[in-house]
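Worksheet for the structure shown next.
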Amino acid sequence: MALTREQLAQRVAQEFKDGYYINLGIGIPTLAANYIPKGIDVVLQSENGILGMGPFPRDEEVDADIINAGKQTVTLIEGASVFSSADSFAMIRGGHVDLTILGAFEVDCQGNIASYMIPGKLIKGMGGAMDLVSGAENIIVTMTHASKDGVSKLLSNCTLPLTGKECIKRVLTDLALLDIEGGRFILRERAPGVSVDEIVKLTAGELEVTGDVPEMIFEI
Amino acid sequence: MALTREQLAQRVAQEFKDGYYINLGIGIPTLAANYIPKGIDVVLQSENGILGMGPFPRDEEVDADIINAGKQTVTLIEGASVFSSADSFAMIRGGHVDLTILGAFEVDCQGNIASYMIPGKLIKGMGGAMDLVSGAENIIVTMTHASKDGVSKLLSNCTLPLTGKECIKRVLTDLALLDIEGGRFILRERAPGVSVDEIVKLTAGELEVTGDVPEMIFEI
Amino acid sequence: MSGFNKIINSYEDAMDGLVDGMTIISGGFGLCGIPENLIKEIKRKGTKDLTVASNNCGTDKHGLGLLLSDHQVKKVIASYVGENALFEKQMMSGEIEVDLTPQGTLAEKMRAGGAGIPAFYTPAGYGTPVGDGKEVREFNGRKYILEEALQGDFSIAKAWKADSHGNLIFRRTARNFNPMAITAGKISVVEVEEIVEVGDLDPDQIHLPGIYVDRLIKGTFEKNIEQRTVRNT
Amino acid sequence: MSGFNKIINSYEDAMDGLVDGMTIISGGFGLCGIPENLIKEIKRKGTKDLTVASNNCGTDKHGLGLLLSDHQVKKVIASYVGENALFEKQMMSGEIEVDLTPQGTLAEKMRAGGAGIPAFYTPAGYGTPVGDGKEVREFNGRKYILEEALQGDFSIAKAWKADSHGNLIFRRTARNFNPMAITAGKISVVEVEEIVEVGDLDPDQIHLPGIYVDRLIKGTFEKNIEQRTVRNT
C-alpha cells in the first residue's frame, strides 16, 4: 500500500536526530513536525525568519505578525529567535541547517529537482526552494512516486524547469525510500506491502536494487 | 600663519550641515566634534559600530564596552544605535554617511589618497579608511600642506601606496582649502595671513588659482 | 534636532515624488509586515508603469495586489506567485513582466543594494532558468552564479516602533524583507505602529539605524492573515 | 534538550580539537569584545603555525598579542597594525605573513564565509595594493574588486549574554566583528559573561541565533582599555 500523507510525514520524521535544526517545506514536510521521535529534540527553521517555530496557536493566541513560510499562523517556542530574510537565507545558504525537507514535482537520478513551475500551466514561484536545495548538505525530498495515471516522477532527466542541479541525495515517496548516488536511484526501503517490482515499474530513472529491500517500519 | 590643529578642526566643522551623519577619522577630524556650528545637529558614526557617538565619558562613566574607532572610551548620545562591523561598513560602503573626514600622508590632483603605510618605515594598516573613501560621496581630507622640511604633500602623483583611487574632491590643509577637479587642485581659501605665493610654492601638483582667494573666516 | 526628525504627517507627503516608471522596493512577506497604507496611497495616486521588487505581490484583495488590479505595475521582481490568482494571470498573459528570483537571492540583492556591494556569487539558481544568461563561476569546486544588487527609487516598508530619528524595531516575522528593503531605496519611507521618544530605545536593540530612514509615518494597520491556522488542544 | 545544550565547562574542552596549522577567525576590535580567555587557552595549549583573522592583533600584552609573543602565529589577516609594536616588528621582519585587508572587506568576508556567498565585489581597495592580483570589474561605470569569503577551522568570540542554546546578545561596541566571526568557523566557540534560562531572551532581540554556536562557556573578563579618555566637565 502506498503511504498516506501522514505516513510519509511519520517516515521522514524518523530521519530527525537530537539537536537537528530542520527546515520543513510546505505540505507533507510540515506535517512531520507532528511525528518527532520520542526522546529527541529538534528546532524548526522557517525561512521567512524563525529559528524555533512552534505549533499552530490556540485561537486566542493568533498573532498576524507570527507566520511561517507557508503564511500560516504559528507560535514561537522558548529559545526561539526571529530575524530578517537576509539573515535567514545567510543561515540556509551557509549550510547551518542540518536537514531540509521539501516537496517536488520531479527528481532525477542526477540529483536534479523540479518543483516550482509547469510551463504554460502553473507558476508557483520558487520561493526559498532554490536557496534551500543549494545550501543544505542533507536534503530529503518527499513526493508521490508517480502521477495518478502511473507516470513516474523519478526520472532519468527532469522535464520541468529545475529548482536545483545535482543537489538531491535522498527521496522519500509514497512507495519507497531511495538514495541518489553515481547517477542512479538506489532503493533502500519499500512502503509496507509494496513490491520491488511495483517500484521498478514506476521508476523511470535508472534504479539499483540490491539484495532484500526491507519494508519501512512504523512505530505504533 | 598656518592653521593650528584646533583651527583645522574648527574650519572643517564649518562644512557640517544640519542633519548630517558624519564619520570622523582619528586625530584632527575627531577634534572637529568640538566645533559643531551653533543651531545645527549632526550625528557621528564610528566605524566600529556606533551611530550617535557622544563625547568622552566622565571618569565614573567609563565603559570598556563603549569605544570609538580610535579605541578611545566614548559615550552614546540619546537616539544612538550600535551594530556589528559588517552592518557598519554596509552603511559606509553603501553611501549612507553624508560626510567623511580623514587624515592622509599624501593626496594628488587625480584625487588619489595615501594614508596607511610608508614602505620600509611604517605599517599602520588601512583600518576602515579604504572602505570609507570608496563609500563616501563627500569626503574632506585634513592634513598638513607640506612636511616640516617643506616637502609638499599635495602631489601630481602620490608616491606612497594608495588608500583610494580618484576619490578625493576636497582637501583642507593647514594652509588652504582646495578642491580637486579635472586633474588639478583648485585653491578656494587661504589660511589667515598665508599668501597665495606660499601655497603655490608648497603645492607640487598642478594648482589653479583664480581671482582673489579669500581668507578663511573663523567665528570668535 | 530638526535635521534628524523624519516624521511625515500625511501619506500624501510620505509618497511625494513618486512618479510613473519608478522602481519601488517593498518589505513584507505575504501580507505579514507589509506597508499597507503606503501601498494604498500609491493606489490612490494612480502612479503607473511601476517596477516593484517584493517577495510576493500580496493577494488579490490586499497589499501589492491592489496595484496589480489597477494595472499600475509593469514589472515585478519576486520569488513567489502562488495563491495570487491575479498576479499569475497577468504574468501568464504577459501583461506584466516577472523576474522570478529565489527568495534568499532577492533578500541578498536588496541587502547588497544598500550595502555598496554591486554583485555577489550565490549557489541558488545555478543550473536552473534563474541562472540563464548569468555568469557561472567555480569556487572551491562548486559552481555559483553572479547576481547583481537591487536598488530602487523608493523603498516602502513597515516597522513596529520607531523614534523620530527613524531608529526602527520590527516585531516577530513582520521583520522579513523590511530592513533590507529600506536600505536599498534612494528615498525610504517607513510606516510604524508607534513612535516613541528619542532615547527610549536601547541602542543595542535597534534593528535598523535611523540613517536609512528618510520619511517616517505612524499608521493604523489591518494586519490581514492569509492562512489562519489554529489548534484546539 | 541535550542536543541543543551548547555549554562547555572548561576552557580546555572549549578549544579541544585545535591543532597546529589551523585557521582561527576571531571577534573583537582592539581589546574590546575579545575572547580573552579563549586566547589564553590557545596560548596555554601552545598550538603553532596558526593563521588568525581578526581586525587587530591585540596589544603586546593583551589579546591576540599573547600568541604573537609565543610565536604561535604564521599568518595574520587584519586591517590594522598600529599601536602593536610586536605585530609591526614580526611583520616587518617577515616572521609572520600579513594579509592587510580593509576593515569593511574583512567584516564582509567573514559574513560571506558564514552566509554561503563565496565571493563579492567591493569598491574598497580598487587601485591600491589591496587590489593587486584581484579581478577588477565595472558595474554602472564604477570599478570594483572581487573579494572571496573567509572561513576558519575555529572561530572564537565573546558575547554578553547567552542562553544554553547559544542564542547571543552582545553589548555596545563589544559586538564589532563577533557575530560574523562566529558564523564563519567550522567549530565556533563563544565565551560570555552570563548564561540565562532558555526563554529569558526576547526572540526579537537575539543578535545571533544559537544555530551558529557550537560551544558556549561562561568566563570572567579583564576588559582592558587601550585608550582611557575622559572629560572633566
Side-chain angles (χ1 to χ4, degrees), chain B residues 16-23 36-54 63 65-68 74-100 128 130-137 164 167, chain C residues 1-7 25 107-120 149-152 155 159 161-170 179-188 195-216:
Chain B
F16 295 179
K17 292 193 180 134
D18 191 37
Y20 263 19
Y21 295 99
I22 303 175
N23 183 291
I36 298 166
K38 285 207 178 77
I40 73 160
D41 286 299
V42 301
V43 163
L44 302 181
Q45 206 262 11
S46 186
E47 65 263 31
N48 57 317
I50 304 174
L51 192 71
M53 180 171 61
D63 183 336
D65 288 341
I66 310 180
I67 65 168
N68 65 15
V74 293
T75 53
L76 304 179
I77 64 166
E78 289 210 332
S81 54
V82 174
F83 31 82
S84 74
S85 300
D87 287 345
S88 183
F89 282 93
M91 192 181 283
I92 287 167
R93 216 178 24 233
H96 303 281
V97 174
D98 297 300
L99 176 63
T100 290
M130 287 191 180
D131 308 276
L132 281 160
V133 297
S134 68
E137 264 303 296
C167 53
Chain C
M1 282 292 172
S2 60
F4 294 101
N5 182 359
K6 313 288 177 74
I7 298 173
I25 316 257
E108 193 68 13
K109 280 164 77 86
M110 290 183 190
R111 178 189 180 271
I117 300 289
F120 57 90
L150 195 56
Q151 291 186 310
S155 54
K161 281 187 191 180
D163 64 22
S164 65
H165 288 197
N167 290 308
L168 301 180
I169 293 182
F170 302 92
M180 294 79 70
I182 294 167
T183 68
K186 282 195 203 100
I187 298 175
S188 64
I195 297 179
V196 302
E197 291 297 309
V198 170
D200 279 1
L201 304 177
D202 178 349
D204 280 342
Q205 302 296 10
I206 290 167
H207 292 140
L208 195 76
I211 194 170
Y212 292 107
V213 177
D214 295 309
R215 303 177 188 173
L216 180 70

Rounded distance [0.5 Å steps], CG in C/Asn167 versus CG in C/Asp202: 11.5 Å
4.5 Å side-chain heavy-atom contact, C/Ile206 and C/Leu168: no
Max heavy-atom pairs within cutoff under 4.5 Å with chain B, candidates C/Ala115, C/Gly116, C/Gly210, goes to C/Ala115
Contacting region of C/Lys6 [heavy-atom separation from chain B under 4.5 Å]: side chain
Looking at CD of B/Glu47 and CG of B/Asn23, how far apart are the two atoms once the value is rounded to the nearest 0.5 Å? 4.5 Å
Most contact-rich option vs chain C, by heavy-atom pairs under 4.5 angstrom, among B/Ala86, B/Gly79, B/Gly39, is B/Gly79
Sort out for me which of C/Pro203, C/Pro209, C/Gly199 touches chain B most, counting heavy-atom pairs under 4.5 Å. C/Pro203
How about B/His96 and C/Tyr212: are their ring centres within less than 6.0 Å of each other? yes
